[in-house]
Trainee: 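Quick one: the structure is below, and I'll ask about it shortly.
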Amino acid sequence: MLTNKPKGTNDFLPDEVGRWQALEDLLREVSRLYGYREIRTPIFEHTELFQRGVGETTDIVEKEMYTFTSKGEKSYSLRPEGTAPTVRAYVENKLYAQPQPTTKLYYIGPMFRHDRPQAGRYRQFHQYGIEALGSDDPALDAEVIAMAMDIYRRLGLKDLTVELNSVGCPNCRLQHRQKLQEFLAPKKEQLCKTCQGRYERNPMRILDCKDSNCQKLTEGAPTIDQMLCPECQSHFTAVQKHLHALEVPYNLNSKLVRGLDYYVKTAFEIVATGIGAQGSVGGGGRYDGLIEQIGGPAMPGIGFALGLERILLAMKEQGLDLVADNPVEVFIATMGEDAQLMGSKLSQQLRQEGFAVERDYGNRSFKAQLKAADRYQVRYTLIIGEDELKNNMVQVKDMATGKQEPVALAEVQVYLNRNIRGREINE
RNA sequence: GUGGCUGUGGCGAAGUGGUUAACGCACCGGAUUGUGGCUCCGGCACUCGGGGGUUCAAGUCCCCUCAGUCACCCCA
């Protein structure tokens with residue numbers, strides 16, 4: 001069928017796009033305030049980048065990537081997330097050699113995952129994300145979380161909770177993994193099928209299983225927070241201290257496990273209620289080994305990503321809206337062929353002057369033209385008929401009051417500048 | 001990958017198997033000659049996602065298929 005788009009994708013029509021642009025404007029502004037600069041990376045990358053970066057055993061890499069080969073070349077994948085590409089670009093362009101101690105980058109754009117779509121989940125979806133590369137200061141962890149909350153606050157969103165955990169470093173994780181497997185070994189057969197698979201490959205994920213039986217079986221299981229090494233423990237404590245100082249409330253959630261392998265230490269997720277089953281509107285964490293993993297120097301990093309569709313969904317749910325300015329400012333209505341020519345000429349002049357001008361193209365009745373002007377919600381309609389043509393003038397009708405007054409053709413620009421822009425110009 | 005629900009004009013939505021498929025919104029035109037938003041009048045579905053079947057008769061029943069949607073899973 002030529003007339004339907006691929007499953008899980010969306011057309012954004014002009015009214016909707018206005019909302020997106022307003023959201024993007026806000027994101028760019030907040031980025032600036034926190035010192036982040038935009039980076040734009042390709043929409044597709046070498047598949048290995050995600051395999052190695054995100055992790056072979058993650059759902060994203062295992063079953064959700066759009067992977068293809070082009071003309072017998074290597075395997076490529078549409079990006080399923082933004083961190084690996086950003087880090088790749090950071091390394092490839094040697095941004096770590098720049099003078100600043102921490103490089104702060106943000107991105108905004110489409111991501112692709114082959115899931116079954118549902119409320120708040122799409123195959124092409126859009127993320128805004130930040131990455132702060134080069135510092136392992138816990139103050140930065142806290143600031144990153146605070147920044148995410150700052151964005152939601154500016155949007156007017158309420159009732160969001162920060163779920164916080166530390167997933168430790170590779171060392172404490174290894175310890176935890178062993179203890180966990182010891183704990184679960186006698187119950188292994190009772191776990192659900194996917195968890196039996198997770199037992200060897202990624203046992204931490206079993207703690208996060210939604211299956212009620214698995215949840216019961218994992219009661220009392222060793223959680224990572226009990227087994228953090230001294231360094232991870234003190235880092236985590238410091239992060240919380242900074243969060244208190246920044247007055248960011250959070251819930252400690254020792255079962256929070258992020259589905260991307262690169263996370264270490266701080267992991268967090270921001271959850272909204274009322275937008276369906278996909279409640280997470282953002283999440284992130286620290287990824288101190290990733291830069292090295294991708295082939296760069298051993299440098300720490302932290303970041304988060306927000307789902308734009310979900311933010312808009314949550315805003316809609318809470319009765320919030322972002323609106324763009326009314327695009328059309330002036331409408332030109334004409335009667336007769338000569339007047340129409342004059343109208344064309346005038347509309348071009350006014351556009352040069354910076355006014356958004358619209359007119360009717362069907363050669364329709366004058367009444368229909370005014371009706372159209374009303375629908376555009378313009379401030380003024382310029383009326384040109386035979387009389388006006390003869391006298392080199394137009395009628396300027398104020399659509400709100402219904403009043404109109406004659407203005408000399410040469411004075412129209414001045415009139416509109418004064419009344420729409422509020423500025424005087426002398427010619 | 002699995003499951004539930006839905007599918008009637010641009011949108012919303014009625015329609016116990018039986019003549020011309022309600023209604024609302026939107027849209028278009030008109031209500032004396034060059035003036036919108038309100039009101040009134042008129043117009044707007046050879047057809048009920050598609051295909052097949054049952055029946056004298058199907059939008060209404062059955063099967064298949066496609067699409068949408070929600071949920072599992074996972075995540076933004």
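Lettering of chains follows the sequences in order, A, B, ..., and the numbering in each one begins at 1. Only a predicted model underlies this, so the values are computations on that prediction, with no experimental measurement involved.
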Trainee: Run the side-chain hydrogen bond (donor to acceptor under 3.5 Å, both in side chains) test on A:Tyr250 and A:Gln240 for me, step by step, so that the C-alpha distance in whole Å, both residues' side-chain angles and the decisive distance to 0.1 Å come before the verdict.
Mentor: CA-CA 9 Å; A:Tyr250 58 89; A:Gln240 294 180 56; 3.0 Å; yes
Trainee: Among the candidates B:A76, B:C28, B:C73, find the nucleotide nearest to the side-chain atoms of A:Phe125.
Mentor: B:A76
Trainee: Please state the C1' separation for the pair B:U6 and B:G12 - nearest whole angstrom.
Mentor: 15 Å
Trainee: Does the side chain of A:Arg375 get closer than 4.0 angstrom to OP1 or OP2 of B:C28 through an N or O atom?
Mentor: yes
Trainee: Distance check: side-chain N/O of A:Lys367 vs OP1/OP2 of B:G30, anything under 4.0 Å?
Mentor: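 Answer is no, no contact under 4.0 Å.
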Trainee: In plain terms, say whether A:Asp374 and A:Lys371 are close enough for a salt bridge, that is, a side-chain N and a carboxylate O under 4.0 Å apart.
Mentor: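 Looking at A:Asp374 and A:Lys371, the cut-off is not met.
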Trainee: Take atom CZ of A:Arg364 and atom P of B:G34, then tell me their distance rounded to the nearest Å.
Mentor: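 Going from CZ in A:Arg364 over to P in B:G34 covers 16 Å.
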Trainee: Once rounded to the nearest 0.5 Å, what's the spacing between atom CZ of A:Arg116 and atom NE2 of A:His114?
Mentor: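 Reported to 0.5 Å precision, the distance equals 9.0 Å.
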Trainee: Identify, between A:Gln395 and A:Lys63, the residue whose nearest nucleotide on RNA chain B lies closer to the 5' end.
Mentor: A:Gln395
Trainee: Taking the same atom, P, in B:A26 and in B:C11, what whole-Å distance lies between them?
Mentor: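 One P to the other, the span is 16 Å.
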Trainee: Confirm from the modelled atom types if A:Lys397 and B:U35 form a donor-acceptor pair under 3.5 Å, side chain to base only.
Mentor: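 Under the 3.5 Å cut-off, the side chain and the base do form a donor-acceptor pair.
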Trainee: Just the rounded figure in Å: distance from C1' of B:C75 to CD of A:Gln127.
Mentor: 9 Å
Trainee: Using a strict heavy-atom distance below 4.0 Å, which residues from residues 266-284 of chain A are in contact with RNA chain B?
Mentor: A:Gly276, A:Ala277, A:Gln278, A:Ser280, A:Val281, A:Gly282, A:Gly283
Trainee: With heavy atoms under 4.0 Å as the rule, sort A:Tyr128 into base, sugar-phosphate or nothing.
Mentor: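 The answer is nothing, as A:Tyr128 stays clear of every strand by at least 4.0 Å.
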Trainee: Rounding to an integer number of Å, can you tell me how far A:Asp261 CG sits from B:C75 P?
Mentor: 10 Å
Trainee: Quick one: A:Asp59 CG to B:G1 C1', roughly how many Å, whole number?
Mentor: 12 Å
Trainee: Measuring from the side chain of A:Arg113 (C-beta onward, heavy atoms only), which nucleotide among B:G34, B:A76, B:U35 has the closest atom?
Mentor: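 Nearest nucleotide to the side chain: B:A76.
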Trainee: Kindly indicate whether the side chain of A:Gln369 and the base of B:U35 share any N or O donor-acceptor pair separated by less than 3.5 Å?
Mentor: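 Under the 3.5 Å cut-off, the side chain and the base do not form any donor-acceptor pair.
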Trainee: Distance criterion of 3.5 Å, no angle test: do you see the side chain of A:Arg121 paired donor-to-acceptor with the base of B:C73?
Mentor: yes
Trainee: By the 4.0 Å heavy-atom rule, please label A:Glu388 as base, sugar-phosphate, or nothing.
Mentor: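 The answer is base, as A:Glu388 lies within the cut-off (heavy atoms under 4.0 Å) of a base atom.
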Trainee: What distance do A:Glu358 atom CD and A:Phe331 atom CZ have between them, rounded to the nearest 0.5 Å?
Mentor: 6.5 Å
Trainee: Considering only atom C1', compute the distance from B:G18 to B:U55 and round it to an integer number of Å.
Mentor: 11 Å
Trainee: Quote, to the nearest angstrom, the C1' distance that separates B:G9 from B:C27.
Mentor: 12 Å
Trainee: Classify A:Leu308 by what it touches in the nucleic acid, base, sugar-phosphate, or nothing, heavy-atom distance under 4.0 Å.
Mentor: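 Answer is nothing: A:Leu308 stays at 4.0 Å or more from every strand.
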Trainee: Say we look at B:U65 and B:G43: how far apart would their C1' atoms be, to the nearest angstrom?
Mentor: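 B:U65 and B:G43 have their C1' atoms separated by 37 Å.
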Trainee: If you look at every strand shown and take non-hydrogen atoms under 4.0 Å, does A:Asp115 touch a base, only sugar-phosphate, or nothing?
Mentor: base
Trainee: Pick the C1' atom in B:A21 and in B:A58, then give their distance to the nearest Å.
Mentor: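 Rounded to whole Å, the distance is 13 Å.
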Trainee: Are there runs of at least three consecutive Watson-Crick or G-U pairs touching RNA chain B, with each pair's two distances under 3.5 angstrom? Give them by first number.
Mentor: B:1-7 with B:66-72, B:10-12 with B:23-25, B:27-31 with B:39-43, B:49-53 with B:61-65
Trainee: How far, in whole Å, is B:G1 from B:A76 if one measures between their P atoms?
Mentor: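 B:A76 and B:G1 have their P atoms separated by 23 Å.
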Trainee: Could you walk me through whether A:Asp225 and A:Leu252 pass the side-chain contact (heavy atoms from CB on, under 4.5 Å) test, one step at a time?
Mentor: CA-CA 10 Å; A:Asp225 59 318; A:Leu252 284 180; over 6 Å; no
Trainee: Using ring centroids (six-membered ring only for Trp), state whether A:Tyr287 and A:Tyr262 fall under 6.0 Å.
Mentor: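 Here the rings of A:Tyr287 and A:Tyr262 have centres that are less than 6.0 Å from each other.
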Trainee: Roughly how far, to the nearest 0.5 Å, is the CZ atom of A:Phe268 from the CG atom of A:Asn251?
Mentor: 14.5 Å
Trainee: For A:His114 and B:A76, what is the distance between atoms NE2 and P respectively, to the nearest whole Å?
Mentor: 18 Å
Trainee: Could you go through A:Lys397 and A:Lys403, starting from their C-alpha distance and side-chain angles, then the distance that decides it, and tell me whether this counts as side-chain contact (heavy atoms from CB on, under 4.5 Å)?
Mentor: CA-CA 6 Å; A:Lys397 183 181 174 83; A:Lys403 288 179 183 156; over 6 Å; no
Trainee: Can you identify which nucleotide, out of B:A67, B:U35, B:G29, has its nearest atom closest to the A:Phe366 side chain?
Mentor: B:U35
Trainee: side-chain hydrogen bond (donor to acceptor under 3.5 Å, both in side chains), that's the test. Do A:His235 and A:Asp136 meet it? Break it down for me.
Mentor: CA-CA 9 Å; A:His235 183 92; A:Asp136 60 1; over 6 Å; no
Trainee: Taking the side chain of A:Leu260 as heavy atoms from C-beta outward, which of B:A76, B:C28, B:G34 is closest to it?
Mentor: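 Nearest to the side chain of A:Leu260 among the choices is B:A76.
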Trainee: Could you point out which residue of A:Arg52, A:Arg79, A:Arg88 forms a salt bridge (Lys or Arg N to Asp or Glu O under 4.0 Å) with A:Glu45?
Mentor: A:Arg88
Trainee: Apply side-chain contact (heavy atoms from CB on, under 4.5 Å) to the pair A:Val271 and A:Leu160, showing each step before the final yes or no.
Mentor: CA-CA 6 Å; A:Val271 184; A:Leu160 301 179; over 6 Å; no
Trainee: At under 4.0 Å between heavy atoms, what does A:Ala373 touch on the DNA or RNA strands: base, sugar-phosphate, or nothing?
Mentor: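 If one applies the 4.0 Å heavy-atom cut-off, A:Ala373 turns out to touch nothing in the nucleic acid.
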Trainee: With ring centroids as reference points, do A:Phe12 and A:His126 lie under 6.0 angstrom apart?
Mentor: yes
Trainee: Of the listed nucleotides (B:G3, B:C73, B:C27), which one gets closest to any side-chain atom of A:Gln118?
Mentor: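 Nucleotide nearest to A:Gln118's side chain: B:C73.
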Trainee: Rounded to whole angstrom units, what separation is found between the CZ atom of A:Arg123 and the P atom of B:C75?
Mentor: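 After rounding, the reported distance stands at 17 Å.
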Trainee: Counting only heavy atoms not in A:Lys187, do more than 12 sit closer than 6.0 Å to its NZ atom?
Mentor: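 More than 12 within 6.0 Å, yes.
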Trainee: Measure the distance from CD1 on A:Ile60 to C1' on B:A76 and round it to the nearest whole Å.
Mentor: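 About 9 Å, once rounded to whole Å.
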Trainee: Between the protein and nucleotides 37-40 of chain B, list the N/O to N/O atom pairs that are separated by less than 3.5 angstrom.
Mentor:
residue	atom	partner	partner atom	Å
B:G37	O4'	A:Asp374	OD2	3.1
B:G37	N2	A:Met399	O	3.4

Trainee: Ignoring the backbone of A:Arg116, work out which of B:C70, B:U35, B:U2 is nearest its side chain.
Mentor: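 Among B:C70, B:U35, B:U2, the one nearest the side chain of A:Arg116 is B:U2.
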Trainee: With the threshold set at 4.0 Å, does a side-chain nitrogen-carboxylate oxygen contact exist between A:Arg19 and A:Asp321?
Mentor: yes
Trainee: Roughly how far, to the nearest 0.5 Å, is CG of A:Leu180 from OG1 of A:Thr218?
Mentor: 8.5 Å
Trainee: Roughly how many Å is it from CZ in A:Phe304 to C1' in B:C75, rounded to a whole number?
Mentor: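 For the pair A:Phe304 CZ and B:C75 C1', the rounded distance is 17 Å.
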Trainee: When the C1' atoms of B:U20 and B:C40 are considered, how many whole Å apart are they?
Mentor: 26 Å
Trainee: Considering only heavy atoms and no angle criterion, is a donor-acceptor pair shorter than 3.5 Å present between the side chain of A:Arg310 and the base of B:C75?
Mentor: yes
